S.K.: 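Below: one structure in structure tokens.
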4 protein chains.
Amino acid sequence: MRHSKTDLAEQIFMATDRLMAKEGLHHLSMHKLAKEANVAAGTIYLYFKNKEELLEQFARRLFAIFMAAVEKDLDESHSFFEQYRQMWWNIWRFLQDNPTMLSNLNQYELLPNLAEICKSVDHSCWDNFCQRAKAAGELVELPNDILFQLGLKTAITIASGSKFLKVELTTEILESVIERTWRAIQK
Amino acid sequence: MRHSKTDLAEQIFMATDRLMAKEGLHHLSMHKLAKEANVAAGTIYLYFKNKEELLEQFARRLFAIFMAAVEKDLDESHSFFEQYRQMWWNIWRFLQDNPTMLSNLNQYELLPNLAEICKSVDHSCWDNFCQRAKAAGELVELPNDILFQLGLKTAITIASGSKFLKVELTTEILESVIERTWRAIQK
Amino acid sequence: MRHSKTDLAEQIFMATDRLMAKEGLHHLSMHKLAKEANVAAGTIYLYFKNKEELLEQFARRLFAIFMAAVEKDLDESHSFFEQYRQMWWNIWRFLQDNPTMLSNLNQYELLPNLAEICKSVDHSCWDNFCQRAKAAGELVELPNDILFQLGLKTAITIASGSKFLKVELTTEILESVIERTWRAIQK
Amino acid sequence: MRHSKTDLAEQIFMATDRLMAKEGLHHLSMHKLAKEANVAAGTIYLYFKNKEELLEQFARRLFAIFMAAVEKDLDESHSFFEQYRQMWWNIWRFLQDNPTMLSNLNQYELLPNLAEICKSVDHSCWDNFCQRAKAAGELVELPNDILFQLGLKTAITIASGSKFLKVELTTEILESVIERTWRAIQK
DNA sequence: TATGAATGAGGTTTCATTCAT
DNA sequence: CATGAATGAAACCTCATTCAT
């Protein structure tokens with residue numbers, strides 16, 4: 001069967017995600033990947049120069065998808081807390097809806113060049129938010145990266161660690177977390 | 001030369017840490033490890049059943065070292081905030097003093113069975129602290145794990161991300177972070 | 001664009017020659033060849049059954065070109081020595097004028113079935129010359145192949161080795177070689 | 001079974017020679033080689049960094065063996081012609097006694113870096129001979145390399161081509177060749 | 001206890017060839 | 001005729017592990 005160029009690359013990306021969730025990054029072999037993606041081993045090399053480049057592009061795609069999810073339904077006319085809350089829930093729901101991504105989160109951090117990729121991509125969403133909220137005097141004057149660690153990052157770490165938790169995470173608890181992390185970064 | 005059992009195992013652990021910092025976990029081969037540790041390839045198998053078990057024990061050791069560092073100079077007669085502050089700085093300084101550990105932080109999360117190891121080890125220090133602080137009505141009633149994510153975990157994530165930051169992290173900024181994360185978890 | 005059958009085959013042959021000179025026979029892949037010849041990979045298989053056959057026909061073409069060059073301006077009315085001298089210079093100049101062929105000389109000998117090809121092609125030129133010269137009592141009675149090795153072959157080996165020589169090869173030296181190899185095969 | 005270091009390297013060299021004779025250089029795979037040498041694939045890489053280096057060392061070894069054979073029983077007190085004759089026969093007999101080498105001769109010329117290897121090795125034997133014979137006024141004043149092409153090289157080319165010859169090469173014919181090539185290079 | 005040569009399964013990548021368009 | 005995406009066998013090479021010493 002013939003595929004459009006994006007079709008097959010996407011097919012390979014999705015297979016990568018599934019395999020990473022199933023067996024982990026360091027058990028990801030090109031042969032297994034080919035099998036999972038229902039293509040021949042050589043075919044992958046028509047779309048990616050080598051394994052390293054495949055993983056790098058995979059990371060870029062992830063990051064883009066993630067950033068898009070964060071911005072979803074964001075309304076700048078709402079209060080800054082509401083906007084923060086929206087982003088926090090966006091991340092949370094996105095990770096709940098994409099369990100493979102959730103279980104891959106640790107692995108993603110190991111992808112080659114992830115740091116460079118993150119920097120090269122536009123952080124516009126969060127940076128934008130921080131700039132506006134600081135200008136309005138609602139956010140403390142700390143570097144944006146740190147504000148991210150204290151704020152939205154908790155949505156990731158808690159989602160990531162939740163499968164090991166004994167207690168169930170109720171909406172009440174999460175709303176409490178949102179409110180308290182907001183307290184940590186507000187002026 | 002003769003070695004006591006612990007000697008050689010420790011030698012191998014240290015070599016593991018150096019190699020992970022230098023080339024990353026997924027380039028860590030038993031041969032390179034043997035060379036770095038100045039032992040023969042076969043010798044490693046006298047101390048560890050296989051690579052997986054070596055890495056698991058390596059993770060256990062890491063965790064123990066880390067937990068010991070967190071507890072250092074902890075004085076229960078101080079105020080809860082002071083105790084929290086002490087632990088936060090303990091983590092921060094420990095990571096500054098152990099740059100290989102810092103640059104390995106991401107890698108550690110990929111070690112096989114890390115999650116199980118963490119759970120199996122006694123979290124006594126933090127759990128203890130939480131229990132006492134909650135009893136004293138100073139800490140909000142949330143699961144201890146979540147409190148950890150909102151609190152001390154920030155010392156790790158910020159230290160880990162600091163090499164990518166443009167701004168320099170002054171003591172003032174860090175004290176601000178401590179104070180604000182405390183605000184997030186206090187009653 | 002449309003091509004006559006010979007056009008495209010010749011285009012492929014020329015691309016083969018260029019690539020062999022540039023990267024060597026054992027780095028010659030059908031894809032690179034297609035690219036160099038500005039045709040699609042599959043197109044080559046319309047003209048040649050497979051790689052082996054392409055190389056074999058390539059060798060035949062080479063041999064034919066070479067033989068034609070040897071015979072050039074050959075005048076049977078001249079003395080046998082003059083005819084020999086003419087052929088020797090023909091070979092020499094041909095190799096100087098076709099540097100890719102010169103740098104491919106070693107490679108050619110590796111082409112599949114070269115030996116069979118050489119035998120199957122008509123040696124008429126040299127055999128002819130030998131026969132006539134022997135009849136005239138000017139050439140020693142040795143097998144023609146051996147006479148070739150002692151005589152004209154030196155034009156090839158010296159041209160081939162000349163790039164490694166420290167000394168420059170003057171016309172004087174070459175004339176001396178011609179005269180002396182003639183001495184080796186004359187009666 | 002255990003081997004001394006040279007044992008196994010030599011075993012691999014000999015297997016290389018056999019396989020080259022049987023299937024040609026460009027069909028020589030490391031797996032087939034391992035099988036032919038009765039070792040595991042990985043074992044070869046304990047002795048040679050990679051295929052290229054294996055072939056280069058193989059070429060060096062060949063060249064050394066060949067040079068040693070040429071010098072055999074060479075007696076400087078004999079006449080120059082006798083010495084020349086001795087070397088010619090040395091080459092001839094050596095190639096008859098080592099049929100794989102003979103059938104590999106073409107292949108050898110394709111070995112990577114052969115040119116560099118030849119230059120880096122001492123040509124002392126032939127250069128020596130030429131120098132002495134020129135000083136004695138017995139050899140024509142031409143570059144030594146050219147004298148080699150006109151002289152001893154014929155032993156190689158004729159041996160190499162002899163399997164394609166229809167006529168049998170008698171001692172008489174070969175002696176004639178020796179005498180005539182000597183004629184070509186003598187003063 | 002310690003060694004390190006040897007193994008061979010499995011890794012990534014290349015490439016001659018096919019076939020639907 | 002001509003294309004070039006797709007194939008998958010086979011290439012080179014690595015590496016966790018064993019075992020005779």
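Order of the sequence lines sets the chain letters (A, B, ...), proteins ahead of strands, with each chain counted from 1. These figures come from a predicted structure and were not determined experimentally.
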S.K.: Closest nucleotide of DNA chain F for D:Lys49 versus for D:Lys32: which of these residues is on the 5' side?
M.R.: D:Lys32
S.K.: Check this one for me: any side-chain N or O of C:Tyr47 less than 4.0 Å away from OP1 or OP2 of F:dA2?
M.R.: yes
S.K.: Which whole-number value in Å describes the distance from A:Phe48 CZ to E:dT13 P?
M.R.: 13 Å
S.K.: Salt bridge between C:Glu56 and C:Arg60, side-chain N to carboxylate O under 4.0 Å?
M.R.: yes
S.K.: The side chain of B:Tyr45 is closest to which nucleotide in this list: E:dT17, F:dA16, E:dA2?
M.R.: F:dA16
S.K.: Is the distance from the ring center of C:Phe13 to that of C:Tyr47 below 6.0 Å?
M.R.: no
S.K.: Could you tell me the separation between the CD1 atom of C:Ile12 and the C1' atom of F:dT3, rounded to a whole number of Å?
M.R.: 13 Å
S.K.: When you measure from the side chain of A:Asn50 to the backbone of A:Glu53, do you find a donor-acceptor pair of N or O atoms at a distance under 3.5 Å?
M.R.: yes
S.K.: Kindly say whether D:Ile12 contributes a backbone atom to a donor-acceptor pair with the side chain of D:Thr16 at under 3.5 angstrom?
M.R.: yes
S.K.: Please work out if A:Leu54 contacts a base, only the sugar-phosphate, or nothing of the nucleic acid, heavy-atom cut-off 4.0 Å.
M.R.: nothing
S.K.: Would you find a donor on one side and an acceptor on the other, under 3.5 Å apart, between the side chain of C:Lys32 and the backbone of C:His27?
M.R.: yes
S.K.: Provide, to the nearest angstrom, the distance between the CD atom belonging to D:Glu52 and the P atom belonging to F:dA11.
M.R.: 18 Å
S.K.: So what does C:Leu33 hit on the nucleic acid, given a heavy-atom distance under 4.0 Å: a base, only sugar-phosphate, or nothing?
M.R.: nothing
S.K.: Short question: side chain of B:Asp17, backbone of B:Thr100 - any donor-acceptor pair under 3.5 Å?
M.R.: no
S.K.: So which nucleotide from F:dA16, F:dA6, F:dC12 ends up closest to the side chain of A:Leu46?
M.R.: F:dA6
S.K.: Does a side-chain heavy-atom distance below 4.5 Å link A:Leu19 with A:Lys22?
M.R.: yes
S.K.: Between atom CE in C:Met30 and atom C1' in F:dG4, what is the gap in whole Å?
M.R.: 14 Å
S.K.: Return the polar atom pairs (N/O with N/O) between nucleotides 8-10 of chain F and the protein under 3.5 Å, or none.
M.R.:
residue: F:dG8; atom: N7; partner: A:Gly42; partner atom: N; Å: 3.4

S.K.: Output the pairing pattern of DNA chain F as a dot-bracket string, 5' first, Watson-Crick or G-U wobble with both distances under 3.5 Å, | for cross-strand pairs, [ ] for crossing pairs.
M.R.: .||||||||||||||||||||
S.K.: Measure CG/C:Asn50 against P/E:dA16 and give the value in whole Å, please.
M.R.: 11 Å
S.K.: Between atom CD in A:Glu53 and atom P in E:dT12, what is the gap in whole Å?
M.R.: 16 Å
S.K.: Measure the CD-CG distance between A:Glu23 and A:Leu28 for me, rounded to the nearest 0.5 Å.
M.R.: 8.0 Å
S.K.: Is A:Leu54 close to A:Met30 at the side-chain level, that is, under 4.5 Å between some pair of heavy atoms?
M.R.: yes
S.K.: Can you measure B:His27 atom NE2 to E:dT12 atom C1' for me and round it to whole angstrom units?
M.R.: 12 Å
S.K.: For the pair made of CG in B:Asn38 and C1' in E:dG4, what is the distance, rounded to whole Å?
M.R.: 14 Å
S.K.: So which one's nearest nucleotide on DNA chain E is more toward 5', C:His26 or B:Ile44?
M.R.: B:Ile44
S.K.: I'd like to know if the side chain of C:Gln11 and the backbone of C:Ala37 have a donor-acceptor N/O pair within less than 3.5 Å.
M.R.: yes
